[in-house]
Amino acid sequence: MDEPDLTGQTALVTGSARGVGRELLLAIADCGAKTAVHYHTSADAARDVAETARERGASEAMTVQGDVTDPDSVDDLFAAVESALGSVDLLVNNVGDFAPDHWADLEFETWNRVLETNLNGTYLCAKRALPGMRESGDGRIVNLGYASSEKGLVSPKNFPYFVAKTGVLMFTRMLAADTADDGITVNAISPYVVENSDEFPEDLPRDRPASFEDLIGPLYFFLDPDTDYVSGENVEVDGGWLPETV
């Protein structure tokens, strides 16, 4: 898909110092947006991403630290972005921990962290971004889900992640309805296995994981100013994966 013109818009991608978040932020930088590279602990990596974003076309780029599971920290990180770059027009909720172990073997702290980073972080950041978007009458929110979560996918392994991502997709649909009269769209991108994943199953759809480029096409579609009637949608980037195959 062609790059949308995002000149003059401010984009915040959570967890964009590394991995999928990094690639999504740099794809947005390619479109000329002002970019905020969010990190929790990876300050050096975030600075490198901001520098790369400027080289690739971002009109401005900054780093911002914060814990997306803490309301006060979320408020502070948004205030920092607003002060430096203006109100957030484009929000990508990418942060979300992964715990690929049997549910009974997880420490309670790990269980909570998976739920909080994936679901609570998405909720807190979207809630904080909405006043500015509503005031401007425009805005794009893109949440990261997980393939087949809408089908009630569950497994004893990594169970809190499935629960959280199902919640993210429910939240996406609800928020799309709640912002239908505000000029805002809320959508989701749900990959299965991505090229930087920690684990790779033996049988991958089309014999490969999703590349970062596979995720950028749907991102551009959702951020494009011309797709302002598309909201509450979820694009599964899974190569045709069918988990219920027997």
Side-chain angles (χ1 to χ4, degrees), residues 6 9-86 88-100 110 113-114 116-126 128-129 140-146 161 164-165 168 189 191 193-199 209-216 219-220 223 237:
L6 304 178
Q9 300 195 56
T10 296
L12 168 63
V13 180
T14 65
S16 46
R18 302 180 185 278
V20 169
R22 176 185 188 275
E23 300 305 318
L24 297 182
L25 181 131
L26 292 177
I28 294 172
D30 289 339
C31 303
K34 296 176 285 186
T35 56
V37 182
H38 164 259
Y39 69 97
H40 189 197
T41 59
S42 304
D44 291 342
R47 282 192 289 269
D48 289 343
V49 176
E51 181 178 351
T52 303
R54 285 188 287 268
E55 292 171 352
R56 287 178 52 166
S59 56
E60 298 180 61
M62 66 175 293
T63 64
V64 61
Q65 192 276 339
D67 178 357
V68 299
T69 69
D70 179 78
D72 291 335
S73 185
V74 168
D75 189 55
D76 288 344
L77 78 88
F78 269 83
V81 175
E82 290 163 350
S83 176
L85 303 179
V88 173
D89 306 294
L90 315 171
L91 171 65
V92 179
N93 284 307
N94 166 71
V95 167
D97 283 0
F98 187 77
T110 302
R113 189 182 72 247
V114 173
E116 290 177 353
T117 54
N118 283 282
L119 183 54
N120 290 359
T122 296
Y123 148 72
L124 287 171
C125 289
R128 180 57 179 79
R140 298 285 188 272
I141 297 175
V142 178
N143 301 321
L144 268 291
Y146 184 73
Y161 184 76
K165 289 303 190 185
V168 166
I189 300 171
V193 180
V194 185
E195 62 178 88
N196 68 323
S197 295
D198 294 329
E199 292 192 349
S211 67
F212 295 134
E213 288 294 325
D214 291 326
L215 303 180
I216 291 170
L219 177 71
Y220 280 170
L223 296 184
V237 185

Distance-only, no hydrogens or angles: does the [X] side chain make a donor-acceptor pair with backbone N or O of [Y] under 3.5 Å?
{"X": "Y39", "Y": "R47", "answer": "no"}
{"X": "N196", "Y": "G19", "answer": "no"}
{"X": "T10", "Y": "D89", "answer": "no"}
{"X": "S16", "Y": "V13", "answer": "yes"}

Kindly compute the distance separating [atom1] ([X]) from [atom2] ([Y]), expressed to the nearest 0.5 Å.
{"X": "L144", "Y": "L24", "atom1": "CG", "atom2": "CG", "value": "6.5 Å"}
{"X": "K34", "Y": "L90", "atom1": "NZ", "atom2": "CG", "value": "10.5 Å"}
{"X": "T117", "Y": "N93", "atom1": "OG1", "atom2": "CG", "value": "11.5 Å"}
{"X": "E213", "Y": "E23", "atom1": "CD", "atom2": "CD", "value": "8.0 Å"}
{"X": "L77", "Y": "D72", "atom1": "CG", "atom2": "CG", "value": "11.5 Å"}
{"X": "F212", "Y": "L26", "atom1": "CZ", "atom2": "CG", "value": "10.5 Å"}

Work out which heavy atom in [X] is nearest to a heavy atom in [Y]; give both atom names and the distance.
{"X": "V114", "Y": "A99", "answer": "CG2-CB, 3.7 Å"}
{"X": "Y146", "Y": "K165", "answer": "CB-CG, 3.7 Å"}
{"X": "G66", "Y": "S73", "answer": "CA-OG, 3.3 Å"}
{"X": "H38", "Y": "G15", "answer": "ND1-N, 2.9 Å"}
{"X": "A27", "Y": "Y220", "answer": "O-OH, 2.8 Å"}
{"X": "A45", "Y": "A17", "answer": "CB-O, 3.8 Å"}

(message) I'd like to check V37 versus L25 (side-chain heavy atoms, cut-off strictly below 4.5 Å). Are they in contact?
(response) yes
(message) Quick test of your reading of the model: are R128 and D75 salt-bridged, counting only N-O distances below 4.0 Å?
(response) yes
(request) Only pairs at least two apart or in different chains count here, so list each side chain to side chain donor-acceptor pair (under 3.5 Å) that has a residue in residues 51-68. (result) D30-R56, D67-T69
(request) Quick one: do N143 and I141 satisfy side chain to side chain contact (heavy atoms under 4.5 Å, CB included)? Show the steps, please. (result) CA-CA 7 Å; N143 301 321; I141 297 175; 3.6 Å; yes
(message) Within the 3.5 Å criterion, strictly below it, is a donor on S211 or D214 matched to an acceptor on the partner's side chain?
(response) yes
(message) Just to verify, what does T110 make a side-chain hydrogen bond (donor to acceptor under 3.5 Å, both in side chains) with, not counting sequence neighbours?
(response) none
Pick from [options]: which one makes a side-chain contact (heavy atoms from CB on, under 4.5 Å) with [X]?
{"X": "V68", "options": "N118, N120, V95", "value": "V95"}
{"X": "I28", "options": "I216, L6, L12", "value": "L6"}
{"X": "F78", "options": "V64, L91, L124", "value": "L91"}

(message) Taking OH in Y123 as the centre, count heavy atoms belonging to other residues, nucleotides or ligands within less than 6.0 Å. Is the count above 12?
(response) no
(request) List the steps and the verdict of side chain to side chain contact (heavy atoms under 4.5 Å, CB included) for L223 and L219. (result) CA-CA 6 Å; L223 296 184; L219 177 71; 3.9 Å; yes
